[in-house]
Every structure is written in structure tokens, then in C-alpha cells.
Amino acid sequence: MSEPLRPPLADVNVLEIGTVIMAPFAGKILRDMGATVIKAEPPGGDIGRRIGLNNEAGMSALSLNLNAGKRSIELDACEPDGKSVLRELLAWADVVLTNLLPASRERLGIDWETVRQINPGAVLCTGQGFSSDSSLGDAPAYDDIVQAASGLSDTYRLRDGEPGYSPYVVADKVCGMMMANAALAALYDRTVSGAGTWVDVPMVDTMAGFTMVEHLGGASYLPQRGPVGWSRVLTPDHRPHRATDGWVCVMPYTDVNWRAFCELLDRPDLLTHPQLRTTALRSANAARYEEVIASYAASRSCERIEEECRARRIPVQRVNQMDDLVDDPYLAGRPMLTRTTHPTEGEYVHVGSPVTFHGRERAPVRDLAPLDGDREEVLALLRRAARTEPA
């Protein structure tokens, strides 16, 4: 059997000048695909190192997984030495990821005009709340602000009567994925054109598009033909249902699923019910649909529900509690979760890439270094790169 090939981005160099989650998440995605990622941190380090558990040592649970495998170097780009190293890093990089605001990028010398003068082949991928070339380009905008501006918070009003925030940092992570996608597209374009480029990923635009795909609803038409929102997911009853020993998601979605579910319930009348007989009707009358499922689940255990539904090819899943995910039989057997030992933090669970490139190696697990812990390695790497550049 032939040896597996290297990870797909093994020859790609990424400079990450990012804070907290969005740009670091984009850097994580590229690193998990094999790229060499150098994380240039400001004096004192990325504040993500100090958010959450174990924050005093700069090894927060967030940072352990978000930044593992990256090389850390501390830079003060406003000082001559730091500015010099930054220029070397820009010359080395294939991709530059940053979620600093436009004014900060220009002040530090990571605006597009400066980057392309130093490295015409570089891909500069910027991400911030609003478009860089808009009047709001320098307006600070964290995840909650973006949820509010993009309409995502309003989807909670459409369901619950008042706006809310997602209980996870959905905007930062979705936009981080978009940054990684955009960087990869720009790298592909470089193979054709030979030139680098600047790609801007405004968070509000990204999340507005993300939300409007299904929730623009009747406003998709001009003139508007109906309300905004997708009724199936906006009914307050659209949630996991209580079983006798937990909570479960049962989803007889297609007409084939619904027929099998009605047979399970011994309710042939539901096959011709005026609100439930088709997928479209069940979506439009989601409260009635959820009521039927809730009644079924209430008298059964999660195990029984899963057995009955899976035997009939009806999508089903008990609700996994966050505390139990690392021991979940499916996830525990996947290569994205690796139990490893950090030299200072002890044993922890490393969250790697969910993507498998068949026939290729996975990027090896590498511990998060302390702030500036890879300085000598990074400087040596830059010296080697400078020696191999064509005259």
C-alpha cells in the first residue's frame, strides 16, 4: 500500500495577524489542512489567550484548540525591530489573514498597497464588521453587534417575540470559514494569474446573506408576496422534544419519512390530514406537525425512539449534552478529536479538522506555544526563506 501524501496545504505559508476568534478560526482551518501558520501577536498577546478557563497562563481552553499548531511570535509593529520582522513575514507569506480594522491595518503596514509592494504574490484576506471601503469600515463590531446588524438577532423575535443572541459565537466562526474559503479561492486564482490579491470579508454582509437564504421569505419577491421568515423553523414548538429520559430530535421530513412515521403511530388519518399530508403543508403548519412528534416522544425513552425510527429510516437523534461529547461513541472514534498532553496544561482534547482528504496525511497535532514561544524558530524560518528567494 502506498504511503499517504502530505496534507493538501503543506506548501502554503500563512501569516495570521488576528485576535480572539474570526481570523484565528480561519487560520485554524488552513493549519488543519496542512498550512504553516505563524501567529504574529501584539505585545501582551492575543486576548483570546486570556478568555475563559486557565486564562492567567495565556493557555485558555479557547486558545488551546483555536491556535494549536501555529507558531507564535510577539511583535510590536510600531517599533523598528517589530516593523522589520513584520515586513519579512509579509514577504514570506502566501496568505495574510487579519481581522484588524482598516485604520489599524494602514497604521501597522498591512494594508493592501503596502502588502503588494512587499509581496506581489500574497493574498491579503481581511475581515471586520463592515466592508473596508464603506463609511462604517472602521466601526468596531464584535459577534453580538454583527448578529444585531445582520438580522440574525431578529430571527429570535420572529420566533419568540423579542430579539436575542445565539448562545455561541456564530458570526465569528461563520465569517472565519468564509475568510478561509476566500483565501483558498484567491490562491487558486493566483495559480492562473500569477498575481496576489486582496479579498475583503465583511461580517455583516456575510451574516446577512447567511440568514436571508431561508428567512428573506416573501421579501424575496418584488413586490413582497408574504412575510419574511421560514415558518418551519420559527414556530416556538420547533425544538427537541422531551422523552421519558431526556430530549430527542425526530424529523419525519420527506413524504416517505412521514408515511413511515404514520405507520409507526398507527395513524393513517395523518396521511390525509389537510395540514400535514405533504412536506410543504407540514412546513407551513409547523406547530401542528411538532405537536404530533411531541406526543409520540413523551411516552417513550430515547433509546426506544431511536430504535423505532432508525428501523424505519426516519431521521432521529437524542440530544447529546455538551459534557458528554468527548465520550460520544461516534465523535470519540473520529480523527478530529485527539486526546493529547500539553507540556504545561496537562491532558486535554484537541479539536482538529472534521475534513478527511482521503489518501493524504492529517496535519499532526502540535501544542499551543506560550506567547512568543516560537520566536527563534520563526526567525530561523525567515532566514532560510530569504536565502532561497531568487535574486
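In this structure, Leu62 and Gly48 approach most closely via the heavy-atom pair CD2-O, 4.0 Å. Across every non-hydrogen atom of Thr211 and Thr155, the tightest pair is CG2-CG2, 3.7 Å. Nearest approach of Ile110 to Leu124, heavy atoms of both residues: O-CD2, 3.7 Å. Across every non-hydrogen atom of Asp367 and Tyr348, the tightest pair is OD1-OH, 4.0 Å. When every heavy atom of Ala149 is checked against every heavy atom of Val204, the shortest pair comes out as CB-CG2, 3.8 Å. Counting all heavy atoms, side chain and backbone alike, Leu276 lies closest to Trp258 at O-NE1, 3.4 Å.
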* Applying side-chain contact (heavy atoms from CB on, under 4.5 Å), run through Thr114 and Trp112 and close with a yes or a no. => CA-CA 5 Å; Thr114 303; Trp112 176 233; over 6 Å; no
* Take Asp32 and Arg366, measure what salt bridge (Lys or Arg N to Asp or Glu O under 4.0 Å) needs, and give me the verdict at the end. => CA-CA 10 Å; Asp32 285 343; Arg366 184 178 184 272; over 6 Å; no
* Is there a salt bridge (Lys or Arg N to Asp or Glu O under 4.0 Å) between Asp255 and Arg277 once you walk through the steps? -> CA-CA 8 Å; Asp255 289 337; Arg277 58 187 175 85; over 6 Å; no
* Asked: How far apart are the C-alpha atoms of Thr340 and Glu347, what are their side-chain angles, what is the distance that settles it, and do they pass the side-chain contact (heavy atoms from CB on, under 4.5 Å) test?
  -> CA-CA 6 Å; Thr340 187; Glu347 189 175 13; over 6 Å; no
* **Working for side-chain contact (heavy atoms from CB on, under 4.5 Å), residues Val316 and Met251** => CA-CA 6 Å; Val316 63; Met251 199 171 175; over 6 Å; no
* **From CA spacing to verdict: side-chain contact (heavy atoms from CB on, under 4.5 Å), Ile73, Val85** => CA-CA 10 Å; Ile73 184 168; Val85 173; 4.1 Å; yes
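The backbone N or O of Leu331 lies less than 3.5 Å from a partner atom in the side chain of Asp328, making a donor-acceptor pair. Looking at Asp111, its side chain never comes within 3.5 Å of a backbone N or O of Pro102 through a donor-acceptor pair. Judged by distance alone, the side chain of Arg49 and the main-chain N or O of Gly58 form a donor-acceptor pair under 3.5 Å. In terms of modelled atom types and a separation under 3.5 Å, the side chain of Ser63 and the main chain of Ser60 share no donor-acceptor contact. Proximity of a side-chain donor or acceptor of Ser72 to a complementary backbone N or O of Ala369 within less than 3.5 Å is not detected. Here the side chain of Lys28 pairs no donor or acceptor atom with the backbone of Ser353 at under 3.5 angstrom. Without hydrogens or angle criteria, Arg267 side chain to Glu263 main chain gives no donor-acceptor distance under 3.5 Å. A donor-acceptor pair under 3.5 Å links the side-chain atoms of Asp245 to the main chain of Cys302, judged by distance alone. No donor-acceptor pair under 3.5 Å is formed between the side chain of Asp205 and the backbone N or O of Gly129. Side-chain N or O atoms of Glu41 include none that pairs as donor or acceptor with a backbone N or O of Leu371 at under 3.5 Å.
Here Arg375 pairs with Asp372 in a salt bridge; the nearest charged N to carboxylate O distance falls below 4.0 Å. Using a 4.0 Å cut-off between charged nitrogen and carboxylate oxygen, Arg190 and Asp94 count as a salt-bridge pair. Comment: Glu113 engages Arg116 in a salt bridge, judged by a side-chain N to carboxylate O separation of less than 4.0 angstrom. No salt bridge links Asp374 with Lys70; every basic N to acidic carboxylate O contact stays at or beyond 4.0 Å. Under a 4.0 Å N-O distance rule, the pair Arg159/Asp154 does not qualify as a salt bridge. Classification of Arg304 and Glu308 as a salt-bridged pair holds, one side-chain N sitting under 4.0 Å from a carboxylate O.
A continuous path of hydrophobic side-chain contacts links Ile51 to Phe25 [ILVMFWY only; heavy atoms under 4.5 Å]. Hydrophobic clustering, with ILVMFWY side chains joined whenever heavy atoms are under 4.5 angstrom apart, keeps Val174 apart from Val233. Under the 4.5 Å side-chain contact rule for hydrophobic residues, Val169 and Ile145 do not share a cluster. At a threshold of 4.5 Å between side-chain heavy atoms, the hydrophobic network of Ile, Leu, Val, Met, Phe, Trp and Tyr places Tyr168 and Ile29 in one connected group. Leu101 and Phe130 fall into different hydrophobic clusters, where Ile, Leu, Val, Met, Phe, Trp and Tyr side chains are chained together by heavy-atom contacts under 4.5 Å.
Atom SG of Cys175 is separated from atom CG of Asp143 by 8.0 Å, given to the nearest 0.5 angstrom. A distance of 13.5 Å separates CG of Leu5 from NE2 of His358, quoted to the nearest 0.5 Å. Atoms SG and CD, from Cys249 and Gln317 in turn, are 8.0 Å apart once rounded to the nearest 0.5 Å. The structure places CD of Glu214 at 11.5 Å from OG of Ser231, a figure rounded to the nearest 0.5 Å. With rounding to the nearest 0.5 Å, the separation of CD in Gln128 from CG in Leu136 is 11.0 Å. Tyr165 OH to Leu152 CG: the interatomic distance, rounded to the nearest 0.5 Å, is 11.0 Å.
A 6.0 Å sphere centred on CG of Asp81 holds no more than 12 heavy atoms belonging to other residues, nucleotides or ligands. Other residues, nucleotides and ligands place no more than 12 heavy atoms under 6.0 Å from the CE atom of Met178. Annotation for Asp266: atom CG does not count as buried by contact number, only 12 or fewer foreign heavy atoms lying within 6.0 Å. The environment of CZ in Arg313 is sparse: at most 12 heavy-atom neighbours from other residues, nucleotides or ligands sit within 6.0 Å. No more than 12 heavy atoms of other residues, nucleotides or ligands sit less than 6.0 Å from atom CZ of Arg87. With a 6.0 Å radius and a threshold of 12 heavy atoms from other residues, nucleotides or ligands, Glu303 has its CD atom at or below the threshold. In this structure, Phe210 places its CZ atom where only 12 or fewer heavy-atom neighbours from other residues, nucleotides or ligands lie under 6.0 Å away.
Contact annotation: the side chain of Arg232 approaches that of Tyr253 to within less than 4.5 Å [non-hydrogen atoms, C-beta and beyond]. Contact of the Leu15 side chain with the Leu97 side chain is not registered, since no non-hydrogen atoms from C-beta on lie closer than 4.5 Å. At least one side-chain heavy atom of Cys309 sits less than 4.5 Å from a side-chain heavy atom of Val250. Side chains of Leu270 and Phe261 form no contact here, defined as non-hydrogen atoms less than 4.5 Å apart. Counting heavy atoms from C-beta on, the side chains of Val12 and Met33 never come closer than 4.5 Å. The shortest distance between side-chain heavy atoms of Cys125 and Trp198 does not fall below 4.5 Å.
For the 3.5 Å distance criterion, the side chains of Thr19 and Asp46 fail to qualify, holding no donor opposite an acceptor. Inspection of the His342 and Thr344 side chains reveals an N or O donor paired with an N or O acceptor under 3.5 Å.
Judged by the 6.0 Å distance and 45° axis criteria, Arg225 is positioned over the aromatic ring of Tyr221.
Test Arg71, Glu16, Arg31 against Lys39 for side-chain contact (heavy atoms from CB on, under 4.5 Å) and you get one pass: Glu16.
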